[in-house]
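Each remark here refers to the structure printed beneath this line.
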Amino acid sequence: MKEYSAGIVSTSFWYSEFRQYLQLIKLGMSEDTIREKAIAQNIFLASTPARSKRMIGALTNRVGSLDEDEKELFDELDIPNQKALNMIAIMNTNKLIREFMYEIYRNELILGDSVIEPHEYVAFFNKKQSESAEIAAWTDQTVHRMKGIIHTFLIDAGLVVEENGKDYIKRLQLNRRLRQLFINKGQQILVDSLTGEN
């Protein structure tokens, strides 16, 4: 299995669909039933059958990366924290995004800089290319698309606002119960990545 994957460039943040998927689980639907309905009935309103398959695959992986406590808490969270949990599910399923959040986003919070400049995306990918033969083998177009997807996910998660070509960080007030869940499970790194703690 690949350590890093660029497959995420063919996906989206899909917050509304993520929320709907969790609601269907809460109603007692199985993963297989949701998959069948997504493909046969297009319940997530994908633009094409291929997009529907891609979407259901990504959503299944993201939701599957959460434990029962996290899924249960979702409905009790405000929208910024629901989006944060979706971002965490993405981080759980994509190592490069998880590393970006910890190494770049968290660092900006710690430094109090509160802005991610375009050159910081470039520096992050240059560093990763020097550390990983897999990423070094990516084409310039793939790297460009990965920068774009991280940027888009940060905006869709409500973690940054774009102004004049720069990403201004919006500090998340992480839900107390969600924060404690991650700490209790030894996942302080997720809390740190979103809040700049530690």
Side-chain angles (χ1 to χ4, degrees), residues 1-5 7-8 11-35 55-114 116 124 128 131-132 149-150 152-161 167 169-198:
M1 187 174 135
K2 290 182 177 179
E3 186 178 17
Y4 293 100
S5 171
I8 199 162
T11 70
S12 294
F13 190 67
W14 289 325
Y15 161 70
S16 297
E17 295 83 357
F18 180 78
R19 185 180 63 215
Q20 185 182 353
Y21 193 112
L22 286 170
Q23 288 168 346
L24 294 172
I25 286 175
K26 207 169 186 178
L27 291 171
M29 276 193 202
S30 70
E31 188 179 291
D32 288 340
T33 303
I34 296 170
R35 180 180 295 279
M55 184 186 295
I56 192 63
L59 290 171
T60 300
N61 289 338
R62 291 174 190 179
V63 170
S65 78
L66 302 176
D67 67 24
E68 292 309 312
D69 292 339
E70 293 157 1
K71 293 175 195 173
E72 278 296 313
L73 186 56
F74 184 82
D75 282 339
E76 298 174 36
L77 300 172
D78 61 12
I79 290 173
N81 276 278
Q82 286 182 348
K83 288 182 175 183
L85 190 55
N86 187 27
M87 188 65 170
I88 285 167
I90 291 167
M91 291 162 61
N92 287 343
T93 58
N94 188 285
K95 183 178 179 182
L96 190 67
I97 291 178
R98 184 171 56 248
E99 289 177 352
F100 181 88
M101 292 300 294
Y102 188 77
E103 295 173 23
I104 304 298
Y105 188 84
R106 172 184 159 269
N107 198 44
E108 295 299 323
L109 289 168
I110 290 170
L111 295 174
D113 186 17
S114 295
I116 303 173
F124 173 76
K128 292 300 163 187
E131 294 172 351
S132 165
I149 202 75
I150 292 173
T152 301
F153 281 4
L154 287 171
I155 290 170
D156 290 349
L159 298 174
V160 301
V161 175
D167 290 342
I169 291 176
K170 286 177 63 180
R171 284 192 175 265
L172 172 70
Q173 295 300 312
L174 191 63
N175 176 278
R176 181 184 48 80
R177 288 177 58 202
L178 187 59
R179 180 184 179 281
Q180 202 55 52
L181 260 182
F182 291 128
I183 291 170
N184 291 348
K185 293 173 186 184
Q187 296 178 313
Q188 177 77 43
I189 192 168
L190 295 175
V191 174
D192 297 347
S193 295
L194 292 171
T195 65
E197 291 181 23
N198 284 359

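Keep in mind the model is a prediction, meaning the values are calculated, not measured. Heavy-atom basis, side chains included; hydrogens, waters and symmetry copies ignored.
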Under 3.5 Å, sequence neighbours excluded: what are the donor-acceptor pairs made by side chains of residues 180-190?
| unit_1 | atom_1 | unit_2 | atom_2 | d |
| --- | --- | --- | --- | --- |
| Gln180 | NE2 | Asn184 | OD1 | 2.9 |
| Asn184 | ND2 | Gln180 | O | 3.4 |
| Lys185 | NZ | Asp67 | OD1 | 2.9 |
| Lys185 | NZ | Asp67 | OD2 | 2.1 |
| Lys185 | NZ | Asp69 | OD2 | 3.4 |
| Gln188 | NE2 | Asp192 | OD1 | 2.8 |
| Gln188 | NE2 | Glu197 | OE1 | 3.4 |

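- Within the model, atoms OG of Ser30 and CG of Leu24 stand 10.5 Å from one another, a figure rounded to the nearest 0.5 Å.
- More than 12 heavy-atom neighbours from other residues, nucleotides or ligands sit within 6.0 angstrom of NZ on Lys95.
- Looking at residues two or more places apart in sequence or on another chain, you find a salt bridge (Lys or Arg N to Asp or Glu O under 4.0 Å) between Lys71 and Glu68.
- Checked against salt bridge (Lys or Arg N to Asp or Glu O under 4.0 Å), Arg171 has no partners two or more places apart in sequence or in another chain.
- Legend: residues meeting ring pair (Phe, Tyr, Trp, His ring centres under 6.0 Å) with Phe18, ordered by chain and number and at least two apart, are Phe74.
- Within the structure, salt bridge (Lys or Arg N to Asp or Glu O under 4.0 Å) contacts touching residues 13-28 (residues at least two apart or in different chains) are Lys26-Asp75.
- Taking the salt bridge (Lys or Arg N to Asp or Glu O under 4.0 Å) definition, one finds that Glu31 meets it with nothing, sequence neighbours left out.
- Under the 3.5 Å distance criterion, with hydrogens and angles disregarded, a donor-acceptor pair is assigned to the side chains of Glu99 and Tyr4.
- Gln20 CD to Ile25 CD1: the interatomic distance, rounded to the nearest 0.5 Å, is 11.5 Å.
- Note that the CG atom of Asn86 and the CG atom of Asp156 stand 9.5 Å from one another [nearest 0.5 Å].
- Asn175 contributes atom CG, which lies 5.5 Å from atom CG of Leu73 (distance to the nearest 0.5 angstrom).
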